[in-house]
Amino acid sequence: MVRVGQFLLIGRAIVVLQLIPGILGWGKEGHYATCKIAEGLLSEDALDAVKGYLPDSAESDLAALCSWPDEIRHDFHWHWTGPLHYVDTPDFRCNYDYCRDCHDSYGHKDRCVTGAINNYTMQLLSAGHAAMGYNLTEALLFLSHFIGDVHQPLHVGFTGDAGGNTVVVRWYRRKTNLHHVWDNMIIESALKTFYSSNLSNMIQTIQKKISDSWSNDISSWANCSSNDTVCPDPYASESIHLACKFAYRNATPGTTLGDDYFLSRLPVVEKRLAQGGVRLAATLNRIFSSQPSIAQE
Ligand SMILES: *[C@@H]1O[C@H](CO)[C@@H](O)[C@H](O)[C@H]1NC(C)=O
Ligand SMILES: *[C@@H]1O[C@H](CO)[C@@H](O)[C@H](O)[C@H]1NC(C)=O
Ligand SMILES: *[C@@H]1O[C@H](CO)[C@@H](O)[C@H](O)[C@H]1NC(C)=O
Ligand SMILES: *[C@@H]1O[C@H](CO)[C@@H](O)[C@H](O)[C@H]1NC(C)=O
Ligand SMILES: *[C@@H]1O[C@H](CO)[C@@H](O)[C@H](O)[C@H]1NC(C)=O
Ligand SMILES: [Zn+2]
Ligand SMILES: [Zn+2]
């Protein structure tokens with residue numbers, strides 16, 4: 001009995017280790033940072049609406065729940081949401097095309113991160129028409145999470161290596177994979193090296209850059225062409241370009257990544273967290289300004 005039990009446990013652990021990195025977006029820190037930055041940029045209307053949709057347990061803090069889609073993703077009931085965290089391009093194609101790329105591994109159209117961002121925006125916009133029956137708490141949390149994910153360069157990576165998940169590398173002395181480096185390790189090393197392991201310090205530094213060095217870029221980050229409410233496609237295009245230029249470069253299987261890689265890629269990660277936050281706020285501001293009187297239930 002015990003032996004069988006242990007064996008099953010080991011089997012599960014292996015399965016879990018193989019599946020998790022492929023599905024998670026930015027790690028918990030990255031999602032928290034994106035949503036925290038967004039919260040600071042919300043209009044009054046959007047802040048009211050967001051607070052109205054959050055469950056009491058969040059204590060009006062969107063960032064506290066931005067990793068929820070990663071946490072539930074392992075439940076059988078939510079298994080179908082796995083492909084909504086990313087979009088892959090054909091191998092070695094450093095561009096993104098919605099029609100070509102936005103599908104799951106069975107070829108079902110729209111089942112990818114950009115399709116999901118459109119979907120949950122549409123649901124939040126339909127809030128006035130209560131008959132639609134969407135759960136808008138879920139819509140808000142999915143939208144907030146997926147706008148973060150689409151900014152992680154390797155969430156728009158190559159199909160053949162599952163966005164870097166099968167590219168085994170060392171991060172300093174630790175064996176891991178390239179996708180995990182971009183979800184977690186760069187941020188974790190930055191926290192230890194530069195921010196006294198305090199995520200609030202890192203977030204404040206990024207917020208300061210947004211109001212100083214990037215202040216002239218914010219409006220071009222935030223807007224959508226043709227006055228669309230939401231526009232995830234350019235974000236995905238940026239991500240695959242960054243994946244080719246920074247993530248995959250000098251990180252072939254078996255490479256040990258150290259200071260050179262860390263210090264040259266950290267600015268990319270910090271800018272993507274900033275852009276994710278600015279664009280999440282801009283999107284929520286647009287969604288909730290077009291319907292000033294959403295009733296909460
Ligand atoms: C849109 O959201 C609904 C509700 O979560 C879900 O049932 C549907 O599959 C989603 N579609 C896409 C393309 O994400
Ligand atoms: C909406 O979704 C959340 C999260 O899944 C759930 O806790 C809540 O009960 C749902 N609300 C309704 C009205 O179904
Ligand atoms: C982390 O940093 C924030 C802001 O810089 C500060 O207010 C907080 O006290 C720090 N937390 C710890 C545990 O040092
Ligand atoms: C936003 O506006 C800037 C300047 O007007 C423009 O260059 C840029 O292409 C726009 N961005 C998007 C996503 O349409
Ligand atoms: C976007 O909206 C503004 C203000 O409503 C309007 O002046 C402008 O012409 C619109 N631009 C496009 C491309 O639709
Ligand atoms: Zn990921
Ligand atoms: Zn995710």
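Atom set for the values below is all heavy atoms of this structure, side chains included, hydrogens, waters and symmetry mates excluded. Given the structure is predicted, the values throughout are model-derived calculations rather than measurements.
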Novice: Does any pair with a residue in residues 186-212 pass salt bridge (Lys or Arg N to Asp or Glu O under 4.0 Å), and if so which ones, sequence neighbours excluded?
Specialist: Lys208-Asp212, Lys209-Glu270
Novice: Looking at Arg174, I'd like to know if its CZ atom is crowded, meaning that more than 12 non-hydrogen atoms belonging to other residues, nucleotides or ligands lie closer than 6.0 Å.
Specialist: no
Novice: Donor-acceptor pairs are to be reported for all side-chain atoms of residues 61-69 against protein atoms at under 3.5 Å, with residues two or more places apart or in another chain.
Specialist:
from  : atom 1 : to    : atom 2 : distance (Å)
Asp61 : OD1    : Lys36 : NZ     : 3.3
Asp61 : OD1    : Ala63 : N      : 3.4

Novice: Run the side chain to side chain contact (heavy atoms under 4.5 Å, CB included) test against Asn216 and tell me which residues pass, sequence neighbours left out.
Specialist: none
Novice: Verify the ring-centre separation between His85 and His155: is it less than 6.0 angstrom?
Specialist: no
Novice: List for me each residue that meets side chain to side chain contact (heavy atoms under 4.5 Å, CB included) alongside Ser43, sequence neighbours excluded, and say none if there are none.
Specialist: Asp45, Ala46, Asn285
Novice: Considering residues at least two apart in sequence or located in another chain, which fulfil the side-chain hydrogen bond (donor to acceptor under 3.5 Å, both in side chains) criterion with Thr255?
Specialist: Thr252
Novice: Run the salt bridge (Lys or Arg N to Asp or Glu O under 4.0 Å) test against Lys271 and tell me which residues pass, sequence neighbours left out.
Specialist: none
Novice: List the residues meeting side chain to side chain contact (heavy atoms under 4.5 Å, CB included) with Asp101, not counting sequence neighbours, and say none if there are none.
Specialist: Val87, Thr89, Pro90, Tyr96, Asp97
Novice: Identify the two heavy atoms, one from Val150 and one from Pro232, that lie closest to each other, and give their separation to 0.1 Å.
Specialist: CG2-O, 4.4 Å
Novice: Return each pair, listed once, that meets salt bridge (Lys or Arg N to Asp or Glu O under 4.0 Å) where at least one residue sits in residues 223-241; pairs must be two or more places apart or across chains.
Specialist: Glu238-Arg272, Glu238-Arg279
Novice: Residues in side chain to side chain contact (heavy atoms under 4.5 Å, CB included) with Asp104, at least two apart?
Specialist: Pro83, Tyr106, His108, Arg111
Novice: Taking salt bridge (Lys or Arg N to Asp or Glu O under 4.0 Å) as the cut-off, I'd like each qualifying pair that reaches into residues 75-96, sequence neighbours left out, listed once.
Specialist: none
Novice: Side chains of Ser189 and Trp171 only: does a donor on one sit below 3.5 Å from an acceptor on the other?
Specialist: yes
Novice: Sorted by first residue and then second, give each disulfide (SG to SG under 2.5 Å) pair with at least one member in residues 143-218; sequence neighbours left out.
Specialist: none
Novice: Donor-acceptor pairs under 3.5 angstrom involving side-chain atoms of residues 241-249: please list them, not counting sequence neighbours.
Specialist:
from   : atom 1 : to     : atom 2 : distance (Å)
His241 : ND1    : Ser237 : O      : 2.9
His241 : NE2    : Cys94  : O      : 3.3
Tyr248 : OH     : Phe158 : N      : 2.9
Tyr248 : OH     : Asp161 : OD1    : 2.9
Tyr248 : OH     : Asp161 : OD2    : 3.3

Novice: Under 6.0 Å between the ring centres of Trp214 and Trp221?
Specialist: yes
